Number of protein chains: 2
Amino acid sequence: MPGGGEQKRATIHDVARAAGVSAATVSKVLRGFPTVKAENAQRVHQAVEKLGYRIDPLAAGLRNEQRRILGAVVPDLESPFFGALVTELESAAEGAGYTMIVASSRESEPREAELVARMNDWRVAGTILAPVRSESGMGADRLRQFDMAAVLVDRVSADDRFDTVAADNYAASASVADLLIGQGHRHILMHGATRISKAVRTRLAGFADRAKALDSAVRMDTLLSDDDLDEQRRAIRAYFDAADPAKRATAVFSLSQHSTLLVLAELRRRDLRVPEDVVLIGFDDSEWMQTTWPSITAVAQPVRAIAQQAVATLLARVEGGNTGFPVQHLEPCELRHRQSGGAQQDAVTPKAWRRTAD
Amino acid sequence: MPGGGEQKRATIHDVARAAGVSAATVSKVLRGFPTVKAENAQRVHQAVEKLGYRIDPLAAGLRNEQRRILGAVVPDLESPFFGALVTELESAAEGAGYTMIVASSRESEPREAELVARMNDWRVAGTILAPVRSESGMGADRLRQFDMAAVLVDRVSADDRFDTVAADNYAASASVADLLIGQGHRHILMHGATRISKAVRTRLAGFADRAKALDSAVRMDTLLSDDDLDEQRRAIRAYFDAADPAKRATAVFSLSQHSTLLVLAELRRRDLRVPEDVVLIGFDDSEWMQTTWPSITAVAQPVRAIAQQAVATLLARVEGGNTGFPVQHLEPCELRHRQSGGAQQDAVTPKAWRRTAD
DNA sequence: CCCATGCGATGAATCGATTTACTTGCGATA
DNA sequence: TATCGCAAGTAAATCGATTCATCGCATGGG
């Protein structure tokens, strides 16, 4: 246990005194400047050790315009996706020697704007924003207004000012279409719930475009809703009530995790067997999906890749002085084949797709 | 859109100049000191408005020992429970005018200790620690070592140095015992998975103590495991394989969310009807539990109450100079009756229990 | 022998807000 | 009228680390 006696915190001047050098020299040693005699560096290190000295990141940041802090603003912290995203972001930032300040906009755009302003107060080196809605929301507007360095993630497509990083929703959804059409399904329900964000729309388009291209006669029903839980439950119940059982959709592509849960509950309630009567594939994987019976086939988002790409891209702007045009990153998703998805195609075993950025 | 032109950030001196007063006066106005002429205060506010001035929280904190920052260290950010907890903590801290720095120890004790040290670097006013293990872990040790103001939450019982806040696991579990024994169950499986923390042990004890007290002849099996997912799945499968079907446990009390999921999957796999064949009650509620079929009866933890109590308690120490003995707070849980829990007792309709702290 | 060069080190300025210690002005009191 | 007290305001010190502008000293070329 190094350190030991705790009374008043040691400052850089205490270290300097103990090592018999100036504070400036201590600073140089600590930040690795080469112009220090080896012997002095040695003594500084000993003094640091003995006093248990640690740099005050607040005081250290004061003088420079750039502070070694990154901000992250996400729509919520309670969903596994953003929880995991934040964990990975923090990890990546930490690896680069930055502290990360996380805040949740709680799905509110005004709050998102306020949080961006607060990040600006803290003079963060850069901000990672997962917008409530899209790249044209209030948070992104503020980022532009303050001319902040930032990367937009998840609920975004291209932007002319900021780099973006997102799962390749379009390609992954297209591949789900490949699978379902390949299995022979010609009547498919696409179901989206809770928040019809840009990501959900992209998934819808990716699936529909590919399905139509493979067989223009395919019938697709769309059920999208932004209402509260009970309303949505009623809507899906009404959908199945209305359908002639013989002409019911034989497969469901649910566009979000909430949606998957709702659909699954309704199918169970009707005693429809999955996948024998109805095949179910969901977008966004979750731990519970591998544990339910049947287990759920789902598209897993590359959370870690998104986080690492986001931090790397941001730091490239901040540190490397990358001044080129904004880049759009699409990270490939992975389809996790489980029971609810029915038979896996043999011909094509899709595992990861990447759509090249235009 | 107030503010408008962004070039260089306005400092307090810019505001002072624009208002025709000194920086000291501006500071007084902004922090609400009474000894300022109304007219000057007015002009300061106008200047602030015009320049879009915002206090630099970093510079503002430098001079005082106390910085308006709170630290929060939690075991993970991906579980709904801690996600919600952090959201509420942040909200409460914000309401009191503090910025919250969140970090995840990722279930690692050494990392937890390192994060506490880092919070100390930031000279946070106080720290909220949800320990990986218990109040005697490495993180709490560091808190003691640095003599930091802190509150321990969730996986803790009493401590002689820090205030603690937790769900009343003991009382809530006892009430689950009330319910199950009341329903006539005399053979019950208690299942715990993933991480056998202090909270899980308390739940186990709370249930077992009460069940034994109600009927000393009750048979309770205990299945606890800290292994990986596959191993745990195998264990529960083996448990049901071994049991004589006629003498199987008729009810399961799962001690964590993971556990609930595992048990549910196994029951489904065996085509055991819930609740007709086996009643299932879980500790820790989650959104998916109200959507599955059958829906899951579960104990909901008072996340918001815990968070608010934690922040309030911490600020009482930090600001109010509360120097009394450490207090142990237990927040009452709520049992959410749904389908998997079988018939709800009529005599007693337990909704919330509070165990008085000793 | 003188001066340019450069290494290694340092005192002082700096970042932006807060707070201390003091000044000024004015009315009230003895 | 002289003194005291109080309101209002400000210059300057302060927080802790970084960085700028020097500075001493040794070396080597001219």
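Here the structure is a predicted model, which is why all the values come from computation and not from measurement. Protein chains get the first letters and strands the later ones, always in sequence-line order, with residue 1 at the start of each.
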What is the distance, rounded to the nearest whole Å, between atom [atom1] of [X] and atom [atom2] of [N]?
X: A:Arg67; N: D:dA17; atom1: CZ; atom2: C1'; result: 12 Å
X: B:Asp56; N: C:dT18; atom1: CG; atom2: P; result: 10 Å
X: B:Lys28; N: D:dA11; atom1: NZ; atom2: C1'; result: 12 Å
X: B:Glu65; N: D:dC15; atom1: CD; atom2: P; result: 11 Å
X: B:Leu58; N: C:dC15; atom1: CG; atom2: C1'; result: 10 Å
X: B:Arg9; N: C:dG16; atom1: CZ; atom2: P; result: 9 Å
X: A:Ile12; N: D:dA17; atom1: CD1; atom2: P; result: 6 Å
X: A:Gln42; N: C:dA9; atom1: CD; atom2: P; result: 14 Å

Check this one for me: any side-chain N or O of [X] less than 4.0 Å away from OP1 or OP2 of [N]?
X: B:Asn64; N: C:dT19; answer: yes
X: A:Arg63; N: D:dG16; answer: no
X: A:Tyr53; N: D:dG16; answer: no
X: B:Thr35; N: D:dA7; answer: no

Could you check whether [X] pairs with [Y] (Lys NZ or Arg NE/NH1/NH2 to Asp/Glu carboxylate O, under 4.0 Å)?
X: B:Arg161; Y: B:Asp141; answer: no
X: B:Asp56; Y: A:Arg67; answer: yes
X: A:Glu112; Y: A:Arg106; answer: no

Return the nearest nucleotide to the side chain of [X]; candidates are [options].
X: B:Thr11; options: C:dT18, C:dG16, D:dA11; value: C:dG16
X: B:Ala24; options: D:dT10, C:dC15, D:dT18; value: D:dT10
X: A:Ser22; options: D:dT10, C:dT19, C:dT10; value: C:dT10
X: B:Lys37; options: C:dT10, C:dT19, D:dA8; value: D:dA8
X: A:Asn40; options: C:dA9, D:dC15, C:dT10; value: C:dA9
X: A:Thr25; options: C:dT18, C:dA9, D:dT18; value: C:dA9

#### Entry: Residue pairs, two or more places apart or on separate chains, that pass salt bridge (charged side-chain N to carboxylate O under 4.0 Å, His left out) and touch residues 307-318 of chain B
B:Asp163-B:Arg317
### Task
Could you tell me whether A:Val26 contacts a base, only the sugar-phosphate backbone, or nothing, with contacts defined as non-hydrogen atoms closer than 4.0 Å?
nothing
### Task
Report which part of the nucleic acid B:Val36 touches: base, sugar-phosphate, or nothing (heavy-atom distance under 4.0 Å, all strands).
sugar-phosphate
### Query
Are side-chain heavy atoms of B:Val124 and B:Thr127 found at a separation under 4.5 Å?
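The answer is yes; the side chains approach within 4.5 Å.
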### Summary
Comparing A:Leu30 with B:Ala59, nearest DNA chain D nucleotide closer to 5' gives the residue B:Ala59
### Query
Considering residues, nucleotides and ligands other than A:Arg118, do more than 12 of their heavy atoms fall under 6.0 Å from its CZ?
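Yes, CZ of A:Arg118 has more than 12 neighbouring heavy atoms, counting only those of other groups under 6.0 Å.
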